[in-house]
Amino acid sequence: MSAALQVTAFGLALLSTLFLLLATCTDCWMVNADDSLEVSHKCRGLWRECVTNMQDGVRTCDQYDSILADHPVKIVVTRTLMITADLLAGLALATLLLGLDCITFLKEAPCVKLKMCYGAGVILGAGSILGLVGSVWYAVDVYMERAMLVSHNIFLGVHYDFGWSCWLGMAGSTGCFVASVLLTCCLY
């Protein structure tokens with residue numbers, strides 16, 4: 001039972017960590033919500049803004065000026081939280097891999113391996129909370145920006161909605177949290 005639970009938690013942690021990494025690297029955190037009226041599809045991410053022409057599929061991207069330049073708070077905070085969540089999830093994944101019962105590393109010390117799994121669960125839980133806070137922070141800020149424009153009757157031609165990168169960040173964080181619960185609460 002313990003080995004099956006460990007392998008299940010490892011698989012979920014691996015998939016969720018990949019989701020977190022993809023969410024951090026991709027550039028579709030915000031998408032334009034007016035696809036029917038537009039001839040192009042606009043995406044904004046943490047690192048750049050891209051426009052795809054719907055007729056011929058040509059995609060052009062503009063990198064943000066610099067990492068150190070003045071950016072909106074939502075981008076800086078989300079970048080920081082997501083990168084930290086990625087690093088913590090990667091560390092937890094490596095620790096969990098070494099702590100699995102099916103790995104021969106420290107085979108003579110099962111108590112140490114169990115503590116490694118527990119520690120990996122704690123680290124994974126911390127990373128999941130940071131990733132979830134970053135993703136939800138960004139989503140709430142997008143919603144508040146859109147609600148403010150609607151409440152003031154301002155239409156700029158394009159309004160943005162949550163993109164698939166934002167949803168991927170939330171899914172990866174949730175998966176890391178579930179894997180953390182499996183490792184910290186159910187393993188003993």
With no hydrogens and no angle check, is any side-chain donor or acceptor of Asp27 less than 3.5 Å from a backbone partner on Arg44?
no
Closest non-hydrogen atom pair, Gly121 against Ser180:
O-OG, 2.6 Å
Cys61 vs Gln63, test: side chain to side chain contact (heavy atoms under 4.5 Å, CB included). Steps then yes/no.
CA-CA 6 Å; Cys61 295; Gln63 299 282 347; 5.7 Å; no
Taking atom CG of Leu132 and atom CE of Met170, what is their separation to the nearest 0.5 Å?
7.5 Å
CG (Asp141) and OG1 (Thr78) are apart, to the nearest 0.5 Å, by 8.0 Å
Report yes if the SG atoms of Cys28 and Cys43 are separated by under 2.5 Å, and no otherwise.
yes
Determine whether Gln6 and Cys117 satisfy the following criterion, side chain to side chain contact (heavy atoms under 4.5 Å, CB included), listing intermediate values before the conclusion.
CA-CA 8 Å; Gln6 285 178 352; Cys117 287; 3.6 Å; yes
Roughly how far, to the nearest 0.5 Å, is the NZ atom of Lys113 from the CD atom of Glu108?
9.0 Å
Under 3.5 Å, which donor-acceptor pairs do the side chains of residues 10-18 form with other protein atoms, sequence neighbours left out?
unit_1	atom_1	unit_2	atom_2	d
Ser16	OG	Leu12	O	2.8
Ser16	OG	Cys176	N	3.4
Thr17	OG1	Ala13	O	2.7

Any chance you could pull the hydrophobic cluster mates of Val51, using side-chain heavy atoms under 4.5 angstrom and chaining through other members?
none
Nearest heavy-atom neighbours spanning Ala89 and Leu20
CB-CD1, 4.2 Å
Grab the two heavy atoms, one from Ala179 and one from Leu124, that are nearest each other, plus how far apart they are.
CB-CD2, 3.6 Å
In short, Leu46 meets Thr24 closest at the heavy-atom pair CD1-O, 4.2 Å
Measure the spacing between OG1 of Thr95 and CE of Met116 and express it to the nearest 0.5 Å.
6.0 Å
Check against side chain to side chain contact (heavy atoms under 4.5 Å, CB included), Phe162 and Trp29:
CA-CA 6 Å; Phe162 315 131; Trp29 281 74; over 6 Å; no
Closest heavy-atom pair and its distance - Trp137, Val73
CZ2-CG1, 3.9 Å
Say whether Leu98 and Leu183 are linked into one hydrophobic cluster, either directly or through other cluster members, by side-chain heavy-atom distances under 4.5 angstrom.
yes
Straight-line distance of Ile123 CD1 to Tyr118 OH, nearest 0.5 Å:
11.5 Å
Co-membership, hydrophobic cluster, residues Leu81 and Val136, 4.5 Å side-chain:
no
Is there a path of hydrophobic side-chain contacts, each under 4.5 Å between heavy atoms, that joins Val140 and Met82?
yes
Please report the closest heavy-atom contact between Gly127 and Ala85, naming both atoms and the distance.
O-CB, 3.2 Å
Given the rule that I, L, V, M, F, W and Y join up when any side-chain heavy atoms are under 4.5 Å apart, are Leu93 and Leu22 in one cluster?
no
Taking the side chain as C-beta and beyond, is there a heavy-atom pair between Leu97 and Leu100 under 4.5 Å?
yes
Going hydrophobic residue to hydrophobic residue with side-chain gaps under 4.5 angstrom, can you get from Val133 over to Phe177?
no
Going by side-chain heavy atoms closer than 4.5 Å, which hydrophobic residues are tied to Val58, directly or by a chain of links?
none
From CE (Met30) to CD1 (Ile75), nearest 0.5 Å
8.5 Å
